[in-house]
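First the structure, in the form of structure tokens, and then the observations on it.
The sequence lines fix the lettering, A, B, ..., with proteins before strands; numbering per chain opens at 1. Because the structure is a prediction, the values reported are computed rather than measured.
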Protein chains: 4
Amino acid sequence: MSTAPALGRPRDTSLDAAILRATVDLLGEVGYAELTMTAVAARAGTTKPALYRRWPSKAHLVHEAVFPPQEQPLWPDGADLAASVRLMLTGAVALFSEPTVRAALPGLLSEFATHPSLHSALLERFQSDVWDRMRSRLAEEGVGVDADVLVDLVAGAAFMAVTLRSAPVDDTWVDRTVDLLLKGIQP
Amino acid sequence: MSTAPALGRPRDTSLDAAILRATVDLLGEVGYAELTMTAVAARAGTTKPALYRRWPSKAHLVHEAVFPPQEQPLWPDGADLAASVRLMLTGAVALFSEPTVRAALPGLLSEFATHPSLHSALLERFQSDVWDRMRSRLAEEGVGVDADVLVDLVAGAAFMAVTLRSAPVDDTWVDRTVDLLLKGIQP
Amino acid sequence: MSTAPALGRPRDTSLDAAILRATVDLLGEVGYAELTMTAVAARAGTTKPALYRRWPSKAHLVHEAVFPPQEQPLWPDGADLAASVRLMLTGAVALFSEPTVRAALPGLLSEFATHPSLHSALLERFQSDVWDRMRSRLAEEGVGVDADVLVDLVAGAAFMAVTLRSAPVDDTWVDRTVDLLLKGIQP
Amino acid sequence: MSTAPALGRPRDTSLDAAILRATVDLLGEVGYAELTMTAVAARAGTTKPALYRRWPSKAHLVHEAVFPPQEQPLWPDGADLAASVRLMLTGAVALFSEPTVRAALPGLLSEFATHPSLHSALLERFQSDVWDRMRSRLAEEGVGVDADVLVDLVAGAAFMAVTLRSAPVDDTWVDRTVDLLLKGIQP
DNA sequence: TGATAAGCGAGACGGTACGTCCGGTCTTGAG
DNA sequence: CTCAAGACCGGACGTACCGTCTCGCTTATCA
């Protein structure tokens, strides 16, 4: 079960990198809605067909540019559950605050209806890194809390504060949110 | 403090209604990204300039169509804080689950960077209905919890479950989430 | 047979002048096709309804601005027929060479199909000044040449040279054309 | 001296024909001023960009539609100079009387100021067919008359009679005009 | 002299058409 | 057999302008 035997002319891998970089740059400059395939192609020094050969739509291209497949965990595990929750919350805040993610994420969400494959791809991208890790962490500590519920609360709060309220997320907010969650988790 | 003295030809109010209705209908049919001003104008039986005279962009039009200024509270208050938290959570789930909101909200979020006025308009739309009510509710009950923190958690969890995870939000999820939050709130 | 008894507020005659002047100025600056009622109104310091109250279309406005009703003959009569023909030819060349006429005349011609009243108005404007004078001149001299034929030749040659060929109309061209015509007229 | 090596997707030649045909049809129906690129595109079953890819303006499109590059002489040569002059005059009358030409020509003239390239294109279109032929005809017969002068008179007279005066051009007018010209040409 | 009625300047409206950008596809020639 | 590149077709954009409508004010005639 290997990939195809590389039939025909091999793809120019330097183009992939140039296109992804151009996408990230332009996302930061003009945002998701104003990002055009034409502009990406021009910035990357190539043409639109080269883009469409690699990704079926702007949404897929942005997805790969902003959430490249797994490098390392988005945030480290903590020594205990309390530390893990805090690290996940601050990690989510940091992630959603990155200019590129801020520009891209709502745009990607809005295209889920049109591109279901994109939806599952994004979920899979974070499955092991977020839900699976949280699930095993809770099991280790013997805490009877549903991982989905906790992840929804942690990630959702970060998303709301950063993206919707656009409030400055300071230590006070983090402390209070973590306190509430930890008290709610306790048996 | 009265409105302007109505200079020039007055606007055809039947057009406003037709345009908003066409916008809602098309949002449900094609989604936010595929929604075009041209199609809205055609469906409403008018033309693009009539749209741009009323709203400066697609985002503003969708905002008013999906979140018309205040009619009645999005969800009722509960008898006590526990009931209120549950009602807010189920209310947020119901709101985010409405096909029109589901189609529109991420699209609107993605345009905040381009249209800051839209950002503040959306926040103001929900300020009194959500944050202010929650703040006074917490004060009444003498609970020392920050309203922002609680609203972020409740609304964020609903948003994550409905929009990102797209999971079927059943009673179990609601019960567990409410339980966690209430335990976290307790003094 | 008098005009109406001037009911209601009388028209502001200073506006007529300002509008006509603005029309002439703009014709010279942007040409007939690019001339807009909006721009004329703005330049004249008034509004479009004031224009449409006075003239039913751009074509009618331009007609009156460029060919105001009779002031004095467009060219003088000559001492004899030879001189008259030469004066008419040079007069026609001068008229068609005026920047405003150059800009307006073909535009007006192109609107004859749409505005028949304009067609007859333009013909009447020149009837007595051109055809009638030429007709009586020929009769005086006892020359058996049809005035229509001669006017078509003289004015047509001037129009062709100035407007279509856009050639520099020098004395040589005038001499040769007049010579040919006079020889052709001789009995 | 060959054309470019046909880079990119070749143009759909059936569109060229459909657009030119739609232009001619609409010219006859609504005239030059009322002719719109939108209507031409719709009638031709295509879109505006397809038009602008081929012609830079309505004027250029109409020019090619009404005066397609050279098919055959607009009128035949006559056996002698007298016949040639008469044939040119009747030919010019017939040309200017064609509904399409009548609708288009003044409109084109009015755009010369804005589109100088159109001016030269129109002159070149008729150079060999009108001026060159007349010049050589006069040389053959040894007649010392300037071709420009004669063409201005013949074509100008036809234009005046048909387009400006809009008179029914009968045999009498033709006979008298030709008589005058031939007498004027004689040595 | 005061009421009536029409024309006025002003400004915004509903809608047509504009000229352009972009999405997505096709064709050619190179590798 | 695939690639890179360039031009194509057509959907949609956001705007300028057209011709009209509504308003409040001004002006002249008539009661």
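- The main-chain N or O of C:Thr163 is never found under 3.5 Å from a side-chain atom of C:Ser166 such that the two would form a donor-acceptor pair.
- Sorted by first and then second residue, the salt bridge (charged side-chain N to carboxylate O under 4.0 Å, His left out) pairs with a member in residues 8-18 of chain C read C:Asp16-C:Arg54; sequence neighbours excluded.
- Applying the side chain to side chain donor-acceptor pair (under 3.5 Å) test to D:Arg21 and every residue at least two apart in sequence or in another chain returns nothing.
- The side chain to side chain donor-acceptor pair (under 3.5 Å) search around A:Thr38 returns none, not counting sequence neighbours.
- Among residue pairs with one or both ends in residues 55-66 of chain C, none qualify as salt bridge (charged side-chain N to carboxylate O under 4.0 Å, His left out); sequence neighbours excluded.
- Qualifying side chain to side chain donor-acceptor pair (under 3.5 Å) partners for C:Thr47, counting only residues two or more places apart in sequence or in other chains: none.
- Each of D:Glu34 and B:Pro10 was matched to the nucleotide of DNA chain E holding its nearest heavy atom; the match closer to the 5' end belongs to B:Pro10.
- Minimum interatomic distance between C:Pro106 and D:Ser110 (heavy atoms only, all atoms of both residues): CB-N, 3.5 Å.
- Comparing C:Asp12 and D:Arg9 by the nucleotide of DNA chain E that holds the closest heavy atom to each, the one mapping nearer the 5' end is C:Asp12.
- Residues satisfying the salt bridge (Lys or Arg N to Asp or Glu O under 4.0 Å) criterion with C:Glu29, sequence neighbours excluded, are C:Arg43.
- Annotation: proximity of residues 104-111 of chain B to DNA chain F (heavy atom, distance under 4.0 Å) is found for no residue.
- Toward the 5' end of DNA chain F, the nearer of the two residues C:Met37 and B:Thr36, judged by each one's closest nucleotide, is B:Thr36.
- Here A:Thr36 pairs with nothing under the side chain to side chain donor-acceptor pair (under 3.5 Å) rule; sequence neighbours left out.
- Evaluation of the ring pair (Phe, Tyr, Trp, His ring centres under 6.0 Å) rule for A:Tyr52 yields no partner, not counting sequence neighbours.
- A heavy atom lying under 4.0 Å from DNA chain F marks the following residues of residues 38-66 of chain B, by number: B:Thr38, B:Lys48, B:Pro49, B:Tyr52.
- One can place CG of D:Leu35 at 17 Å from P of E:dT16, the figure rounded to the nearest angstrom.
- The side chain of D:Arg11 places an N or O atom within less than 4.0 Å of a non-bridging phosphate oxygen (OP1 or OP2) of F:dC8.
- For residues 98-121 of chain D, the set of pairs meeting the ring-ring contact (aromatic ring centres under 6.0 Å, His included) definition, not counting sequence neighbours, comprises D:His60-D:His115, D:Phe112-D:His119.
- Of all the residues in residues 22-32 of chain C, not one reaches under 4.0 Å from DNA chain E with any non-hydrogen atom.
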